[in-house]
There are 2 protein chains.
Amino acid sequence: MKITNDPVVRIKDIALKAGVSVGTVDRVLHNRGNVSVKKHDKVMKALQEMHYEPNLMARALVSSKKHIIAALVPDAHVDSYWLEPQQGIAKAAKDLKQYGIRVTEYIFDPSDKQSFIDNANALTKNKPDGILVSPIFYHESLAFFEKWKKMNIPFVLFNTQIAEYDPLSYIGQDSYQSGLLAGKLIHYGQHKPCTVLIAHIDEDISNSAHLQKKEKGFRNYFFQNNLDGQFNIISVQLNRANTAAFIKPLDEIIEDHPDLASIFVTTCKAYEVAKYLEQRHIEHPSVIGYDLIPPNLYFLEKGRISFLINQNARAQGYWGIYQLTEHLVFKRKVEEIKYLPLDIVTKENINYFIDKDKPAVLGLP
Amino acid sequence: MKITNDPVVRIKDIALKAGVSVGTVDRVLHNRGNVSVKKHDKVMKALQEMHYEPNLMARALVSSKKHIIAALVPDAHVDSYWLEPQQGIAKAAKDLKQYGIRVTEYIFDPSDKQSFIDNANALTKNKPDGILVSPIFYHESLAFFEKWKKMNIPFVLFNTQIAEYDPLSYIGQDSYQSGLLAGKLIHYGQHKPCTVLIAHIDEDISNSAHLQKKEKGFRNYFFQNNLDGQFNIISVQLNRANTAAFIKPLDEIIEDHPDLASIFVTTCKAYEVAKYLEQRHIEHPSVIGYDLIPPNLYFLEKGRISFLINQNARAQGYWGIYQLTEHLVFKRKVEEIKYLPLDIVTKENINYFIDKDKPAVLGLP
DNA sequence: CAAATTTTTGTGTTCGTACACAGAAATTTA
DNA sequence: TAAATTTCTGTGTACGAACACAAAAATTTG
């Protein structure tokens, strides 16, 4: 039998041990100054010896002042991908309400820079206590980062990383690594030489660092493992807006490459490829894609999509708000970069990844 | 711009609205009785209308009485598998200390029923406020469940499920599902007819419901997908204690089945098979196993093990303590069964799964 | 109908921390 | 050296919920 814990130490205990009042300990703890060197040292010594750890509940209770967090996120009507982060944000807002967190969402059109600017301006005018933003427009974002920096408003980025003006934290997906992972999955499923297609759907690669990183990671998997000779990797950019730009290129690729064994879809639109294959009664190529959105799940269940890589977009939104809360309410240090797990999801383990209404007790791991 | 939250409602607000004192509201909230029907109704009405949700911080703060949780877990020296749950328990103990939780561990020898009984007796004598137990001995466990039930001590099971005497919660691995998943992974990697080996290492199948469920799930994958014809599935029980009982059967199987394509190891001992294959310079069979323990990670990194299925044993320990805390401290309803995710781990995404000082993200998606 | 008893209701204190404010000690100024 | 100022220190209150206890109202008893 072993006991895992030592007793709880309160500020009062520290004060007693150091021979000072709780007020003095408090001043030391928060570097508020106005403490004589002598007592400061005494308190520090007591703190070291007793391993003081603040009671987060009491702390949260007393500083129950309201913190307003502004979330600047793309409109899910334009690209349904953004539904997930938004759900995460909403969940976090609900869970963290009791800590005095209020979340205000500013929704911009991801296809319209001006919409981003307008919303960012509106947000800035309201002077929130913290900002969560998906800075998909690089240059436009920088200007606001500078403003927020000057206004001393902490901001957290998610989905897209921009290192300048050091944000409080970046919550992200590791696109390169996910490309590597997709490569592994496809390689594992294919032993004979064959053709593999990388399909970028509905997004302009040149404008998307993500897609580039995914493609690079994917290609590098085969390169690093000296598989270039066996696998003929081709890539294509498709656009659903225009049937000709979607169906036709696919038709041609299928015709030109009878040995096409797998298709790696770099966006959340794997279901479009699955649908296409089904309609054309093409059985052989396996499909790997991203994100647990309903149409993808449908084809995963059917077996038409083999794997989905879950980048935990929901969790990105959740963690963004969570990190800001840690900073604003509990004044804790937060990780500068937080990559969320890359889950490999199949028909057989899907049920662990949907729903996930996990509770939040702050302070928890 | 949309605001995600409504204002926080306190007991005081309810009392004001209902025209009573906070004491009365408190009595209604906790069914303490001694409230006139008239006022009771008024309070109920106010509660309904204002969507009261208790402030968990304040609640935990006021009832900051110590809760002692006893954890009855197998000795990791006998089977290193138990290291993971123990780490999870230790982490939870640390995180939840501030909520007044003290964890006492009782370590028993998993190969010795009497050791289980002795420790369980010692534990019971100390009358903890909650119990976390891995009831690997069925009959011996039942007797204690009955005692604890009578003593009104909530207990949570992990790792092994026993439904009688309804525990507060069961935290578990879904062994059947993980077998299915392993089947899928092997099938995905093998297109030609071949032989597949199920290896149970260092455990007696007949005594382990887990291993049986894993094998059943695995076989059913192939059965349900009408793949019986193509895949010749054989199984073997190996024991490292005796070299003859380990090396020899493997040698024979390899010789008898030149088309052996994959080996599914149902325990955490996949590294033993990987080591064997390496020493014999046998390249072709892919290996799939369980658990992220160092020797397995070594062979995963080398490529000798293709996939590891992570049953999140660490998280099992963590959640066990967590669920008891939810019940004891926050008085929240806890899920009766909590299956932890089955993660598919490869060389390419391993870094998200090790370390995990994961909050279990508590609360997270 | 008053006294005794029971039921119902309200008030006050507690938890650990943060912060405001008052009071004490040390320092500077005249 | 006294007064004014600055630096330092301790005390008191608030946060929201829980619970003990006191007070008030309703009921029973004599």
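Because the structure is a prediction, the values reported are computed rather than measured. To find a chain, count down the sequence lines: A is the first, B the second, and so on, and within it residues start at 1. These numbers come from the heavy atoms of this one structure, side chains and all, not from hydrogens, waters or symmetry mates.
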Worksheet item: Would one find a side-chain N or O of A:Tyr52 under 4.0 angstrom from OP1 or OP2 of C:dG16?
Response: no
Worksheet item: Within this structure, what is the NE2-to-C1' distance between A:His67 and D:dC15, rounded to whole angstrom?
Response: 13 Å
Item to complete: Could you check whether the rings of B:Phe144 and B:Trp148 sit parallel, tilted or perpendicular, using 30° and 60° as the cut-offs?
Response: tilted
Worksheet item: Just wondering, do A:Asn121 and A:Lys147 contact through their side chains at under 4.5 Å, heavy atoms?
Response: yes
Item to complete: Measure the distance from CE on B:Met50 to P on D:dG16 and round it to the nearest whole Å.
Response: 13 Å
Worksheet item: Looking at B:Leu29, B:Val25, B:Val43, which one forms a side-chain contact (heavy atoms from CB on, under 4.5 Å) with B:Tyr52?
Response: B:Leu29
Worksheet entry | Any A:Arg32 side-chain N or O less than 4.0 Å from OP1/OP2 of C:dC19 | yes
Fill in: With sequence neighbours excluded, residues passing salt bridge (charged side-chain N to carboxylate O under 4.0 Å, His left out) with B:Lys39
none
Discussion item. I need the residues from residues 22-31 of chain B with at least one non-hydrogen atom less than 4.0 Å from DNA chain C; give them sorted by number, or say none.
Written reply: B:Val22, B:Gly23, B:Thr24, B:Arg27
Worksheet item: So what is the end-to-end bend of the helix from C:dC1-D:dG30 to C:dA30-D:dT1, with 5 pairs used at each end and the value given to 10 degrees?
Response: 60°
Worksheet item: Expressed in angstrom and rounded to an integer, what is the separation of A:Leu61 atom CG from D:dC15 atom P?
Response: 9 Å
Worksheet item: With side chains defined as the heavy atoms from C-beta onward, is the minimum distance between A:Thr325 and A:Ile69 less than 4.5 Å?
Response: yes
Item to complete: Could you tell me which residues satisfy salt bridge (charged side-chain N to carboxylate O under 4.0 Å, His left out) with A:Asp13, sequence neighbours excluded, listed by chain and number?
Response: A:Arg10
Practice prompt. Classify the side-chain pair A:Asn126/A:Tyr106 by whether it contains a donor and acceptor separated by less than 3.5 Å.
Written response: yes
Worksheet entry | Distance in angstrom units between A:Asn55 CG and D:dC15 P, rounded | 18 Å
Worksheet item: Any donor-acceptor pair under 3.5 Å linking the side chain of A:Glu336 with the backbone of A:Pro167?
Response: no
Discussion item. Can you measure A:Ile14 atom CD1 to C:dA18 atom P for me and round it to whole angstrom units?
Written reply: 13 Å
Worksheet item: For the ring pair A:Phe145 and A:Phe155, is the centre-to-centre distance below 6.0 Å?
Response: yes
Practice prompt. Output all residues satisfying side-chain contact (heavy atoms from CB on, under 4.5 Å) with A:Ala46, sequence neighbours left out; order by chain, then residue number.
Written response: A:Ile14, A:Lys17, A:Ala18
Worksheet item: To the nearest angstrom, how far is A:Arg59 atom CZ from D:dG16 atom C1'?
Response: 18 Å
Practice prompt. Send over the distance from B:Glu53 CD to D:dA17 P, rounded to a whole Å.
Written response: 11 Å
Worksheet item: For the side-chain contact (heavy atoms from CB on, under 4.5 Å) test, which of B:Thr24, B:Asn55, B:Leu47, B:Val22 pairs with B:Ile11?
Response: B:Val22
Discussion item. Among residues 33-42 of chain B, which ones have heavy-atom contacts with DNA chain C below 4.0 Å?
Written reply: B:Asn34, B:Val35, B:Ser36, B:Lys39
Worksheet item: To the nearest angstrom, how far is A:Leu56 atom CG from C:dA18 atom C1'?
Response: 14 Å
